[in-house]
Amino acid sequence: MKRPITHAALCFGLLIAGVGCSGGDQNSDAGGNNDTAEQATAHEGMSNMGMEAGEPSEGSIYHLESRWQNRHGRPVSLDTLRGKIQVVAMVYTHCEHACPRILADMKRIRDNLSPRALERTHFTIVSIDPERDTPGRLTQFARENDLSGEQWTLLNGNEGNVLELAAVLGVRYKRVSETDFVHSNMITVLDQEGVITYQRKKLADSQQPVVEVIEKKATF
């Protein structure tokens, strides 16, 4: 049985990620190896800084008590996602390099699922730039990218909540300018109870490994 995420376990995860429980700088691991030279500068620089992703938690993210806002500005908790397989990415909407690729990969995953698996799967985007990615901005982003409300959840949370979730998922990120971040190019698959089942840690041409994991989970 997977154990719940405790405060002590979360603090340990934060320490692995190179930050303390009270907050601080957020850091990221290396991005994918398929970026252009420009993308590599913005999104793979963490490997040159000697930083690696923290270890993800073995417990359900639904034990976290953080509160978030969805694209409509309504308060939600993570456990509202319970019951479906979740495909999760932590990105920011003003990103011009890796994040559009991550979103495109999530759509490829969706498009390659069987009808049965798709019915049991949901897609969640969590912003690492909550100051700019307001609910209004998330609504605009969803409209621009055709992210339906029935299939996609977009979340805005305060800096502490974003840091907490990133630590649990093993995602690292760091603001490098007023408008840009370096961050993990990770897509995480959660099972119906919010436990990490699979993580694609770098950009990849094929999404088949992710699709196969979801198809298998959807049979239970």
Could you go through the side chain to side chain contact (heavy atoms under 4.5 Å, CB included) check for V76 and L155 one step at a time? CA-CA 9 Å; V76 296; L155 295 178; 3.6 Å; yes
Here the pair of heavy atoms bringing A98 nearest to H183 is CB-CE1, 4.4 Å
So, taking the atom named CZ in F141 and the one named SG in C99, what distance separates them when rounded to the nearest 0.5 Å? 8.0 Å
Check: I187 main-chain N/O paired with Q199 side-chain donor or acceptor under 3.5 Å: no
Closest approach of A218 and R116, non-hydrogen atoms and distance? O-NE, 3.8 Å
In chain order, what residues pass the salt bridge (Lys or Arg N to Asp or Glu O under 4.0 Å) check against D191, with sequence neighbours excluded? none
Any side-chain heavy-atom pair from Q86 and V189 closer than 4.5 angstrom? no
Residues forming a side-chain hydrogen bond (donor to acceptor under 3.5 Å, both in side chains) with R132, sequence neighbours excluded: D129
Quick check: do F123 and V88 have side-chain heavy atoms less than 4.5 Å from each other? no
Can you tell if the side chain of I214 reaches within under 4.5 Å of the side chain of I109, non-hydrogen atoms only? yes
Which atom names give the shortest non-hydrogen contact between P130 and V162, and what distance separates them? CG-CG2, 4.4 Å
Kindly say whether G157 contributes a backbone atom to a donor-acceptor pair with the side chain of N161 at under 3.5 angstrom? no
Taking all non-hydrogen atoms of both residues into account, name the closest pair between Q151 and L118 and its distance. NE2-CD1, 3.3 Å
With no hydrogens and no angle check, is any side-chain donor or acceptor of K107 less than 3.5 Å from a backbone partner on N145? yes
Interatomic distance, I196 atom CD1 to T188 atom OG1 [nearest 0.5 angstrom]: 5.5 Å
Give a yes or no answer on whether the side chain of R108 reaches the backbone of L103 with a donor-acceptor pair at less than 3.5 Å. no
Listed by chain and number, what are the salt bridge (Lys or Arg N to Asp or Glu O under 4.0 Å) partners of R200, not counting sequence neighbours? D105
Validation row: I125, T153 side chains within 4.5 angstrom (heavy atoms): no
Tell me which pairs pass salt bridge (Lys or Arg N to Asp or Glu O under 4.0 Å) where either residue lies in residues 75-86, with sequence neighbours left out. R82-E193
Please evaluate residues K217 and Q192 with respect to the criterion side chain to side chain contact (heavy atoms under 4.5 Å, CB included), reporting the C-alpha separation (whole Å), side-chain torsions for both, the decisive distance (0.1 Å), and the verdict. CA-CA 9 Å; K217 295 301 296 185; Q192 292 88 335; 4.3 Å; yes
With a 4.5 Å cut-off on side-chain heavy atoms, are P135 and Q69 touching? yes
So ring pair (Phe, Tyr, Trp, His ring centres under 6.0 Å) across residues 193-219, not counting sequence neighbours, yields none
Between V126 and W68, is the side chain to side chain contact (heavy atoms under 4.5 Å, CB included) condition met? List the steps. CA-CA 10 Å; V126 182; W68 302 77; 3.6 Å; yes
How long is the gap from CD1 on I85 to NZ on K216, to the nearest 0.5 Å? 12.0 Å
Distance only, no hydrogens: is a donor on one side chain within 3.5 Å (strictly under) of an acceptor on the other, for E65 and S77? no
Around atom CD of E144, are there more than 12 heavy atoms of other residues, nucleotides or ligands at under 6.0 Å? yes
Looking just at side-chain N and O atoms, do T93 and D133 make a donor-acceptor pair shorter than 3.5 Å? yes
Spell out, as yes or no, whether a donor-acceptor pair under 3.5 Å connects the side chain of S184 to the backbone of M186. no
Mind listing the closest non-hydrogen atom pair of F181 and Y92 along with its distance? N-OH, 3.2 Å
For R71 versus L147, what's the shortest heavy-atom pair and its separation? NH1-O, 2.9 Å
Separation of Q207 CD from E212 CD (nearest 0.5 Å): 12.0 Å
Residues two or more places apart in sequence or in another chain: which of them pass side-chain hydrogen bond (donor to acceptor under 3.5 Å, both in side chains) with W152? none
Would you give the length of the straight line joining atom CZ of R101 to atom CE of M106, rounded to the nearest 0.5 angstrom? 14.0 Å
Given the rule in the side chain to side chain contact (heavy atoms under 4.5 Å, CB included) test, do L165 and L78 qualify, once you have shown the distances and angles that lead to the verdict? CA-CA 10 Å; L165 180 59; L78 293 175; 4.2 Å; yes
Indicate whether any N or O donor in one side chain lies under 3.5 Å from an N or O acceptor in the other, for R110 and T121. no
Hey, what do you get for CE (M90) to CZ (R172), rounding to the nearest 0.5 Å? 13.0 Å
Are the side chains of S127 and R137 in contact, using a 4.5 Å heavy-atom criterion? no
Side-chain H-bond candidate by donor/acceptor type, T179 with H94, under 3.5 Å: no
